[in-house]
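Start at 1 and go down the list; that is how both ligands and their atoms are numbered. Residue numbers run from 1 in the order of the sequence given. Scope of the values below: all heavy atoms of this structure, side chains included, with no hydrogens, waters or symmetry mates.
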Amino acid sequence: MTGSPDSAAKERREELDLRLGVVRSRIADACVSAGRRPDEVTLVVVTKYFPASDVRLLAGLGVTDVAENRHQEAVAKQAECADLGLVWHYVGGLQSNKAHQVARWADVVQSVDRERLLPGLARGSGERGAGEREAGERRLPALLQVSLDPPERAQGRSGADPAAVPDLARAVLAESALELRGVMAVAPRGEDPGAAFARLAEVAAGVRAVAPRATWISAGMSNDLEQAIAHGATHVRVGSAVLGNRPPHG
Ligand SMILES: *Cc1c(COP(=O)(O)O)cnc(C)c1O
């Protein structure tokens with residue numbers, strides 16, 4: 001016998017509550033170890049492949065920020081969760097001919113890794129702004145995704161080469177519809193994440209030299225959030241540690 005839908009939802013809520021508690025204390029402990037205040041780090045829960053019902057439960061448990069990596073899935077989920085007041089981050093790959101669609105719904109785009117994306121993002125941000133009260137004044141917060149892979153492995157990976165980041169930062173600054181907030185990266189496999197996040201911290205400092213208000217560092221996932229916080233992460237993107245193993249997807 002399986003339980004009623006109500007008891008299934010209650011069980012899921014308890015499971016998420018428990019896992020969220022573990023992640024929040026990992027973040028708090030990492031902040032203590034790094035001599036940082038816990039309120040310097042925002043938990044962004046990566047809800048990709050999980051249903052809107054989970055997003056709703058997470059909002060009820062105090063989660064303020066969620067991230068998605070597929071446009072269609074995100075649009076559908078956001079529509080179901082429009083009443084929750086969440087901040088929606090986009091962390092997936094961007095194509096220059098689709099970037100404007102993402103910019104219409106995302107509150108933050110974390111995966112800006114080349115100049116070719118900027119006109120589309122700016123257009124999408126403007127289209128959305130036109131329907132809002134602050135018409136024409138909406139600026140879409142953007143993070144530059146940096147590749148931390150060694151150069152010989154960087155081919156085909158997402159993320160800008162660190163050497164190209166200052167020019168990309170200037171290009172984003174030149175787009176009035178975009179607001180440069182900082183950098184984002186995923187630690188490469190097979191390397192100590194701490195070493196990779198130390199390099200990201202240097203890239204972030206280079207961006208702040210060009211754009212002093214671009215203070216966000218989005219780094220750290222379920223398995224390496226401690227190392228990211230030790231190296232200055234302001235946003236950690238955590239999926240499986242909160243939601244469990246991702247369901248199979250096509
Ligand atoms: C899926 C994903 C995450 C979360 O990964 P977990 O290991 O499940 O915490 C973080 N960042 C990006 C860009 C992702 O695509």
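A salt bridge links R12 with E15: at least one charged nitrogen is closer than 4.0 Å to a carboxylate oxygen.
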Let me have the donor-acceptor pairs involving side chains of residues 236-247, under 3.5 Å, with sequence neighbours excluded, atom names and distances please.
unit_1, atom_1, unit_2, atom_2, d
R237, NH1, A185, O, 3.3
R237, NH1, S218, O, 3.0
R237, NH1, S218, OG, 2.9
R237, NH2, A185, O, 3.0
S240, OG, S222, OG, 3.3

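Between W105 and H71, the angle of the ring planes lies from 30° to 60°, which puts this pair in the tilted group.
For the pair S125 (side chain) and R139 (backbone), a donor-acceptor distance under 3.5 Å is absent. In terms of modelled atom types and a separation under 3.5 Å, the side chain of R170 and the main chain of V210 share no donor-acceptor contact.
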Could you list each N/O atom of ligand 1 together with any protein N/O atom closer than 3.5 Å, one pair per line with the distance?
unit_1, atom_1, unit_2, atom_2, d
ligand 1, 8 (O), S240, N, 2.8
ligand 1, 8 (O), S240, OG, 2.9
ligand 1, 8 (O), R246, NH1, 2.8
ligand 1, 8 (O), R246, NH2, 3.3
ligand 1, 9 (O), S222, N, 3.0
ligand 1, 9 (O), S222, OG, 2.5
ligand 1, 9 (O), G239, N, 2.8
ligand 1, 11 (N), R237, NE, 2.9
ligand 1, 15 (O), K48, NZ, 2.7

Working for salt bridge (charged side-chain N to carboxylate O under 4.0 Å, His left out), residues D17 and K10: CA-CA 10 Å; D17 191 18; K10 188 163 169 276; over 6 Å; no
